[in-house]
Amino acid sequence: MGAIVVLVHGFNVDDPERTVGGIATDLRHRGHEVHKFCYGNAGFLDVRVANPNIAHALLSQIRSIQRLAPGRDIIPIGHSNGCAIIHKAAELQQEFLFNRCIYISPAIDRKAELPDLISRCDVMHNEGDNTVWWSKWLPFHPWGDMGQKGYRGIDVRYNNHDCSDVISGHSDWFKPDKRGFTVGKVDELLVLN
């Protein structure tokens, strides 16, 4: 039996199917149960103010999934700001809802510590991701350049996966010619215990 996955898209996305939502069908074909968390086309100001509320909504969806599948692990997978939402949700969870996550080109500070209830976080990054580079300069904002540099700290629960040899760019993961690589890598990480 595959993993239960919740896909969380980034900000300013009109169609999540063109980003992380586009790997749902392929993951289902590999035996995983896939849910999508869609919070709409939120702009920069929206996410700056609303990410905590969006994170609460994500926890609500995960809680509902957990009630339908008690005892099974749920693994959120985010892209860009979706990773920041997952990270915030991990900080906010008061009961155990998830303890693993996968970040694809995360718009998170490269030294961000993992919340206590998280036991493993896989970070898929690439040096060509210049979109997250500028976000490290935003004052009082959790965004950063982890999507370009990977995690750069001492927390052993993070696992970096530099995909620069195949991927170059923030959303390159989801282009038709790269999607197979992305799905294969995510599938490989999902089956880890």
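For reference, positions follow the sequence shown, starting with 1. Just so it is clear, the structure is predicted and the values come from calculations on it, not from any experiment. As a basis for the values below, the full set of heavy atoms in this structure was taken, side chains included, without hydrogen atoms, waters or symmetry mates.
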| said: Side chains of Leu97 and Ile74, heavy atoms from C-beta outward: is any pair under 4.5 Å? | reply: no

| request: Assess whether atom CG of Asp116 is packed by more than 12 heavy atoms of other residues, nucleotides or ligands within 6.0 Å. | output: no

| said: Within the 4.5 Å heavy-atom criterion, are Asn159 and Cys121 side-chain neighbours or not? | reply: no

| task | Give the ring-plane orientation class for Phe174 versus His79, where under 30° counts as parallel, over 60° as perpendicular and anything between as tilted. | result | perpendicular

| For the side chain of Ser60 and the backbone of His56, is there at least one donor-acceptor N/O pair under 3.5 Å apart? | no

| query | Could you state the interatomic distance from SG (Cys163) to NZ (Lys178), rounded to the nearest 0.5 Å? | reply | 11.0 Å

| field | Nearest heavy atoms of Gly21 and Leu7, plus distance in Å | value | CA-CD1, 4.2 Å

| Any chance the rings of Phe37 and His9 have centres within less than 6.0 Å? | no

| message | I want to check something: taking the side chain as every heavy atom from C-beta on, are Ile75 and Val6 in contact at a cut-off of under 4.5 Å? | response | no

| request: Could you pull out all residues at least two apart from Ser80 that satisfy side-chain contact (heavy atoms from CB on, under 4.5 Å)? | output: Ala107, His170

| request: Check each of Glu91, Gln93, Glu95 against Leu117 using the side chain to side chain contact (heavy atoms under 4.5 Å, CB included) test, and report the only one that passes. | output: Gln93

| salt bridge (Lys or Arg N to Asp or Glu O under 4.0 Å) between Asp155 and Arg157, worked out | CA-CA 5 Å; Asp155 192 333; Arg157 297 172 296 162; 2.7 Å; yes

| query | Which atom names give the shortest non-hydrogen contact between His125 and Gln148, and what distance separates them? | reply | ND1-O, 3.5 Å

| request: Could you go through the side chain to side chain contact (heavy atoms under 4.5 Å, CB included) check for Ile77 and Leu190 one step at a time? | output: CA-CA 10 Å; Ile77 301 173; Leu190 288 172; 4.2 Å; yes

| request: Find out whether Leu189 and Met124 are in side-chain contact, i.e. whether some heavy atom of one side chain is under 4.5 Å from a heavy atom of the other. | output: yes

| message | Less than 4.5 Å apart, side chain to side chain, heavy atoms only: is that true for Phe181 and Val186? | response | no

| said: Could you tell me if the side chain of Val5 sits less than 4.5 Å from the side chain of His35, heavy atoms only? | reply: no

| task | Heavy atoms only: give me the nearest Leu92-Ala55 pair and the separation to one decimal. | result | CD1-CB, 3.9 Å

| note | Separation between CG (Asp129) and CD1 (Ile167), nearest 0.5 Å, reads 10.5 Å

| field | Nearest non-hydrogen partners of Ile118 and Cys101, listed with the distance | value | CG2-SG, 4.4 Å

| Nearest 0.5 Å, what's the CG-CD1 distance between Leu59 and Ile86? | 10.5 Å

| Taking it one step at a time, do Arg28 and Glu33 satisfy salt bridge (Lys or Arg N to Asp or Glu O under 4.0 Å)? | CA-CA 6 Å; Arg28 286 185 186 113; Glu33 180 180 328; over 6 Å; no

| Taking all non-hydrogen atoms of both residues, which atom of Gly128 and which atom of Ser168 are closest, and how far apart? | CA-OG, 3.7 Å

| field | Criterion side-chain hydrogen bond (donor to acceptor under 3.5 Å, both in side chains) on Asn81 and Asn51, from CA distance to verdict | value | CA-CA 9 Å; Asn81 183 61; Asn51 264 8; 2.8 Å; yes

| Which distance, rounded to the nearest 0.5 Å, do you find between the CZ of Arg63 and the CG of Leu58? | 10.0 Å

| query | What's the verdict on salt bridge (Lys or Arg N to Asp or Glu O under 4.0 Å) for Asp122 and Arg120, showing C-alpha distance, side-chain angles and the deciding distance? | reply | CA-CA 7 Å; Asp122 290 286; Arg120 181 183 178 101; 2.9 Å; yes

| Residue that, paired with Tyr158, satisfies side chain to side chain contact (heavy atoms under 4.5 Å, CB included) out of Arg152, Met146, Glu113 | Met146

| message | Would the distance check show the side chain of Lys36 and the main-chain N or O of Val8 forming a donor-acceptor pair, the cut-off being under 3.5 Å? | response | no

| 4.5 Å side-chain heavy-atom contact, Ile85 and Tyr39 | yes

| task | For Trp173 and Ser105, work out which heavy atoms get closest and say how close. | result | NE1-OG, 2.8 Å

| said: Strictly by salt bridge (Lys or Arg N to Asp or Glu O under 4.0 Å), give each pair with a member in residues 159-170 just once, sequence neighbours left out. | reply: none

| request: Evaluate the criterion side chain to side chain contact (heavy atoms under 4.5 Å, CB included) for residue pair Leu114 and His87; output intermediate values, then yes/no. | output: CA-CA 8 Å; Leu114 279 173; His87 204 84; 3.9 Å; yes

